[in-house]
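In what follows, a structure is listed as structure tokens, so that the remarks can point back to it.
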2 protein chains.
Amino acid sequence: MPDITDMTTQVRTTDDPLPSIGPARVVDETVAALRQAILSGDLRPGQKLSVPALALRMGISRSPVREAVLALTAEGLAVESPRRGVVVTELGLKETQAIHEARGPLEGFAARLAAERGPADLGRRLDGILAEQAEAVATGDEDGYFRTNAAFHRAIAAACDNAEVHRLLVSLEGRMALALRQVAARPGHRESGLEEHRKVVAAIKARDGSGAETAMRAHLAATRQRVVIAPGSEDQMIVGSSSAK
Amino acid sequence: MPDITDMTTQVRTTDDPLPSIGPARVVDETVAALRQAILSGDLRPGQKLSVPALALRMGISRSPVREAVLALTAEGLAVESPRRGVVVTELGLKETQAIHEARGPLEGFAARLAAERGPADLGRRLDGILAEQAEAVATGDEDGYFRTNAAFHRAIAAACDNAEVHRLLVSLEGRMALALRQVAARPGHRESGLEEHRKVVAAIKARDGSGAETAMRAHLAATRQRVVIAPGSEDQMIVGSSSAK
DNA sequence: AGATTACATTTTACATGTAGAATTGCAAGC
DNA sequence: GCTTGCAATTCTACATGTAAAATGTAATCT
């Protein structure tokens with residue numbers, strides 16, 4: 001648990017609102033815990049998020065749980081039906097495809113911007129991430145691949161120097177991660193993914209905006225293709241009831 | 001350990017979850033009221049959203065207000081600082097630019113998809129919207145222009161047959177509207193906007209995906225340009241304190 | 001048996017209570 | 001005059017109460 005550090009009563013010459021130290025809020029920890037539970041599959045798609053039940057299990061009151069559940073809903077990791085409650089988001093094949101399709105132009109654009117106006121050390125940082133990823137791929141560390149993959153895309157999103165693009169990509173992260181769980185097992189996908197990541201980095205290092213955009217879109221399109229034929233995911237797929245309007 | 005599991009054992013001739021009638025929830029009405037207040041300028045950027053104060057003023061308890069304020073925060077219309085409270089989002093010039101820049105690839109893509117696989121009656125509907133917009137432009141109806149502009153972009157976002165792109169654009173709507181308030185007064189902007197809208201519709205009707213994307217991106221780029229030299233907006237601009245990192 | 005209805009339980013949605021942090025107002029000091 | 005210190009106040013964050021709605025379950029009727 002985080003220790004409530006000293007409230008530095010320093011005088012602060014700048015009128016900066018505040019350094020704003022540690023969260024220490026129960027809500028934040030609850031959001032983190034629930035997000036983790038959803039992304040790890042601990043809470044399965046379609047499962048109900050009962051506020052009283054969760055509060056009881058976590059030993060806290062209903063208020064922060066309610067707020068956390070709503071936050072997850074805003075993140076797209078859960079869906080609310082008024083008077084019905086909230087359930088973990090179920091992503092069908094169509095939705096998973098849509099997510100990857102949406103990522104294309106957005107993240108392609110981010111890659112372009114990162115290449116054109118990203119910080120000088122971006123290439124080096126991406127290299128570091130990919131080195132870690134290569135390690136994960138070599139040892140078959142599925143979880144490590146996930147983490148480095150997220151770090152890779154996050155680094156580019158953060159480096160594009162456009163807060164709005166960054167915002168949008170962050171708001172996609174959760175659903176992307178949820179969608180990715182369905183292709184994780186595909187043999188060779190990690191190797192291919194790493195290879196595609198390398199092409200993106202090469203273009204970024206060369207400050208080639210168009211090339212970076214193209215490489216990123218190719219990577220996402222390929223990922224989407226790998227989703228289509230993902231094997232053994234029938235049981236993970238939702239039943240798709242009442243989908244088509 | 002909650003055994004909350006499958007609830008699909010229901011037979012229900014119609015597998016529709018529920019017609020789900022009227023909202024009637026105080027939260028929803030509060031969200032709508034606050035959103036309206038923010039977008040209409042009733043609540044100004046930077047203004048604090050005090051939960052007790054709002055609850056008192058609206059004659060309801062703090063719970064729904066708290067939830068509503070958090071919902072607005074998730075929408076990007078307000079920002080929260082832990083233990084500090086929530087204030088209405090302030091959009092500086094840089095952020096406004098970033099929003100328009102981000103819209104480019106996303107909405108351009110949506111226009112492409114709408115042209116390629118949108119419903120048959122889309123062209124007709126867009127014509128209807130633009131007819132209304134032409135009326136608004138002719139009569140100098142600022143508010144009417146706003147409404148039809150939103151309707152135009154919303155129609156394309158909805159027609160692209162990609163729920164995720166739609167989601168992202170919806171999540172941008174509020175901030176877009178906030179940003180647009182800063183260029184509204186620019187002379188000629190409505191006429192130009194309408195003209196650009198027409199080009200997008202022409203491409204969509206011709207089922208020309210590339211053309212639609214190009215036209216939409218051109219429209220958004222032009223809008224962004226109009227923001228840059230927007231006159232008389234200095235007093236609307238934020239003070240920009242502690243912005244640059 | 002199968003469908004239906006009545007009852008028990010759970011849960012949502014809103015209301016209210018409260019400790020402690022943050023902000024504000026104001027007066028004393030440099 | 002402008003800061004500085006402190007009290008008073010306000011607000012956030014979490015906890016808890018509760019009516020009405022939704023859900024689950026058992027009893028009842030056809």
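Below, all heavy atoms of this structure are taken into account, side chains as well, without hydrogens, waters or symmetry copies. Because the structure is predicted, anything quoted here is derived from the model rather than measured. Naming convention: chains lettered A, B, ... in sequence-line order (proteins, then strands); numbering from 1 in each chain.
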Inset, instruction - To the nearest Å, give me how far apart CG (L70(A)) and C1' (dA13(D)) are. - result: 15 Å
Inset, instruction - Please determine if a side-chain N or O atom of S63(B) lies less than 4.0 Å away from the OP1 or OP2 oxygen of dC14(C). - result: no
Inset, instruction - Starting from P on dT12(D), measure out to CD on E67(B) and report it in whole angstrom. - result: 15 Å
Inset, instruction - Take the angle between the ring planes of H197(A) and H153(A) and call it parallel below 30°, perpendicular above 60°, tilted in between. - result: perpendicular
Legend entry - Any side-chain heavy-atom pair of Q97(B) and N162(A) under 4.5 Å: no
Legend entry - Atom-to-atom span, CG of L54(B) to C1' of dC14(C) - whole angstrom: 16 Å
Legend entry - Shortest side-chain distance from I60(B), nucleotide among dA13(D), dA15(C), dC11(D): dA15(C)
Inset, instruction - Take S50(B) and V27(A), find for each the nucleotide of DNA chain D with the closest heavy atom, and name the residue whose nucleotide sits nearer the 5' end. - result: S50(B)
Legend entry - Which nucleotide in dT23(C), dT11(C), dA13(D) has an atom nearest any side-chain atom of R84(B): dT23(C)
Legend entry - Donor-acceptor contact below 3.5 Å, side chain R25(B) vs main chain P82(A): no
Inset, instruction - Please state how far atom CD in E80(B) lies from atom P in dC11(D), giving the value in whole angstrom units. - result: 16 Å
Legend entry - Any donor-acceptor pair under 3.5 Å from E132(B) side chain to I129(B) backbone: no
Legend entry - Which residue lies more 5' along DNA chain C, comparing V86(A) with G59(B) via nearest heavy atoms: V86(A)
Inset, instruction - Report yes if a side-chain nitrogen or oxygen of R25(A) is closer than 4.0 Å to either non-bridging phosphate oxygen (OP1 or OP2) of dT12(D); otherwise report no. - result: no
I'd like a table of atom pairs between the protein and nucleotides 18-21 of chain D - only N or O on both sides, under 3.5 Å - with the distance next to each one.
residue : atom : partner : partner atom : Å
dT18(D) : O4   : R62(A)  : NH2          : 3.4

Inset, instruction - Determine the contact category for L49(B): base if any of its heavy atoms lies under 4.0 Å from a base atom, sugar-phosphate if only primed atoms, P, OP1 or OP2 are that close, otherwise nothing. - result: sugar-phosphate
Inset, instruction - Among the candidates dC14(D), dT11(C), dC14(C), find the nucleotide nearest to the side-chain atoms of K48(A). - result: dT11(C)
Legend entry - Whether R175(B) side chain and L77(B) backbone form a donor-acceptor pair below 3.5 Å: no
Inset, instruction - Answer yes or no: is there an ion pair linking E164(A) with R224(B), defined by an N-O contact shorter than 4.0 Å? - result: no
Inset, instruction - Check whether any side-chain nitrogen or oxygen of S61(B) sits under 4.0 Å from OP1 or OP2 of dT16(C), and answer yes or no. - result: no
Can you give me every donor-acceptor pair (side chain of residues 47-56 of chain B, partner residue at least two apart or in another chain, under 3.5 Å) with its distance?
residue : atom : partner : partner atom : Å
Q47(B)  : OE1  : R44(B)  : N            : 3.1
S50(B)  : OG   : A53(B)  : N            : 3.3

